[in-house]
Amino acid sequence: MGLSNSSVDLHKFHVSRCMVEYNPREQALQMSMHVFLDDLELALAERGADSLYICTKLESPDAEYYLGRYLEERVQFSIDGQPVTFTFLGKEISEDLQAVWCYLEITDLSPFREMTVTYDVLLDLYDDQKNIMHIVGPNRQEGTLLFRKGYRTESVNFK
Amino acid sequence: MQSTFQTYLQLGFEHISDVQGYDHILFIIALCAIYRLAEWRKVAILVTAFTIGHSITLALAAMDIIPINGELIEFLIPVTIFVTAIYNVVVHRFESDDVEGTYDRRVRLNYLFALLFGLIHGMGFSNFFRSLVMPGQENSFIRQLFAFNVGVELGQLLIVALILLTSFVAFSVLQIRQRSWNLFISGAAAGISLIMALERIPW
């Protein structure tokens, strides 16, 4: 919001958020991630995947592929010391059409004690980017992690 | 694991004290420009009025009870700074030139300003808060909102403390007169906020 910023930037904040919940019945870690569309498209375009028109009628058939690849690269989980991969289930435009909800899931997961997360979405794009992750772990223990430049990876322990 | 309360408190604190988005800082600077450290009680009333104002609209807008026009609010925020700065210079004069530190204290319009302008700044905070809030159960929402607001208050107190200490140094060490200090600070705030407002004209 400095004097030098363009007016377009004024009312938009560089924040993504992700809700992560362990579902003991399905033995799965389920995630919904909210990312602003313009930021996401900019990040993908910088990697060479432009004109994806995510969540529009003109959406490129490759959009989900590039989005999934980006998320796999930028969001990583290690559970009880073991790296695990997630499945990118799909995406959906947010109610206000400004953002996309990405749905991710890690399956076949028994209750665990420790989780290390890298949530590096858009952190190299904006200096003030913040990524917030709300976690409901096994035993319903809750907390919120804050990721940003210099803090791309965080660990949590569940009692 | 870091609690939700801690995280949202940190986000609130950093939001108001962020030098990149210094409009709220500048408003507090303008509010405090007419006071010296010894008058901290008056500053406390002023800051409390501002807090009441912005807490009301932060909560109402965060709960979708009042609609927010982001562009309009971003424009009005520097306007509140500009008006406060002009008020400082025009209304708060010396009664006589040789009495240091005596402003015309009969006019207390600035308490009202702090409250009303707080309403506008609160809508600005809510704009940011809405991009942070996790959808979910109501009690979790209230916790996030409360923690964010507490963070904003703590950041505000830190800013006020730094301003009063700076003006203390200006008066006692640098021997600057209070009227001169007010003109200097309010003039700077008026200039910066005018440019900011012009850059944010929504129409």
Side-chain angles (χ1 to χ4, degrees), chain A residues 1-21 31-36 39 94-96 98-99 101 113-117 126-149 151 154-159, chain B residues 1-11 13-15 18-26 64 68-75 77-78 123-137 139-141 143-144 147-148 151 191-203:
Chain A
M1 292 209 282
L3 290 178
S4 57
N5 285 11
S6 74
S7 60
V8 181
D9 253 11
L10 277 177
H11 1 275
K12 259 256 358 256
F13 304 101
H14 299 132
V15 179
S16 93
R17 7 173 197 169
C18 186
M19 286 175 293
V20 177
E21 186 166 352
M31 294 167 255
S32 323
M33 186 184 295
H34 180 278
V35 192
F36 284 111
D39 301 341
S94 70
E95 235 172 88
D96 61 5
Q98 300 287 308
W101 282 102
R113 305 289 297 264
E114 186 268 345
M115 180 165 88
T116 301
V117 190
Y126 302 112
D127 281 342
D128 61 345
Q129 176 73 30
K130 292 180 172 87
N131 297 330
I132 308 167
M133 182 175 277
H134 183 75
I135 301 171
V136 182
N139 300 340
R140 311 298 299 163
Q141 196 188 335
E142 279 186 50
T144 306
L145 300 178
L146 179 57
F147 299 81
R148 55 186 146 170
K149 219 162 215 149
Y151 301 89
E154 300 285 343
S155 289
V156 290
N157 286 293
F158 302 97
K159 282 160 204 146
Chain B
M1 166 157 49
Q2 193 169 16
S3 73
T4 301
F5 191 89
Q6 275 173 303
T7 300
Y8 282 85
L9 184 136
Q10 186 183 350
L11 287 164
F13 183 86
E14 288 175 2
H15 180 59
D18 179 10
V19 284
Q20 298 292 316
Y22 55 83
D23 42 6
H24 305 298
I25 299 177
L26 193 60
D64 273 327
I68 294 298
N69 180 336
E71 279 186 48
L72 182 63
I73 296 304
E74 292 301 319
F75 167 71
I77 286 173
M123 290 186 239
F125 296 144
S126 79
N127 228 3
F128 179 61
F129 177 75
R130 285 155 71 100
S131 74
L132 307 173
V133 71
M134 294 285 168
Q137 322 89 320
N139 61 348
S140 167
F141 173 83
R143 195 185 315 144
Q144 292 167 37
F148 182 81
I192 296 167
S193 59
L194 182 61
I195 294 169
M196 217 187 264
L198 292 175
E199 284 184 340
R200 297 179 180 184
I201 290 177
W203 55 85

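Chain letters run A, B, ... following the sequence lines, proteins first, then strands; residues in each count from 1. Here the structure is a predicted model, which is why all the values come from computation and not from measurement.
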Hey, could you give me the [atom1]/[atom2] distance between [X] and [Y], rounded to the nearest 0.5 Å?
| X | Y | atom1 | atom2 | answer |
| --- | --- | --- | --- | --- |
| Glu14(B) | Arg148(A) | CD | CZ | 4.0 Å |
| His134(A) | Thr4(B) | NE2 | OG1 | 4.5 Å |
| Thr144(A) | Leu9(B) | OG1 | CG | 12.5 Å |
| Lys130(A) | His15(B) | NZ | NE2 | 9.0 Å |
| Ser131(B) | Gln98(A) | OG | CD | 11.5 Å |

Name the region of [X], side chain, backbone, both or neither, that has any atom closer than 4.5 Å to a heavy atom of chain A.
| X | answer |
| --- | --- |
| Tyr8(B) | side chain |
| Gln10(B) | side chain |
| Leu11(B) | side chain |
| Val19(B) | neither |

- Item | Atom of Glu142(A), atom of Arg143(B) and distance for their closest heavy-atom approach | OE1-NH1, 4.4 Å
- Note on the structure: Note: Arg130(B) and Arg17(A) closest approach over all heavy atoms is O-NH1, 3.5 Å
- Could I get the full list of side-chain contact (heavy atoms from CB on, under 4.5 Å) partners for Asp18(B), not counting sequence neighbours? Gln20(B)
- Query: side-chain contact (heavy atoms from CB on, under 4.5 Å) with Glu154(A): which residues, sequence neighbours excluded?
  - Reply: Leu145(A), Phe147(A), Tyr151(A)
- Item | More than 12 heavy atoms from other groups under 6.0 Å of CG on Asp127(A) | no
- Task: Please tell me if the side chains of Val15(A) and Phe128(B) come closer than 4.5 Å, counting only heavy atoms from C-beta onward.
- Result: yes
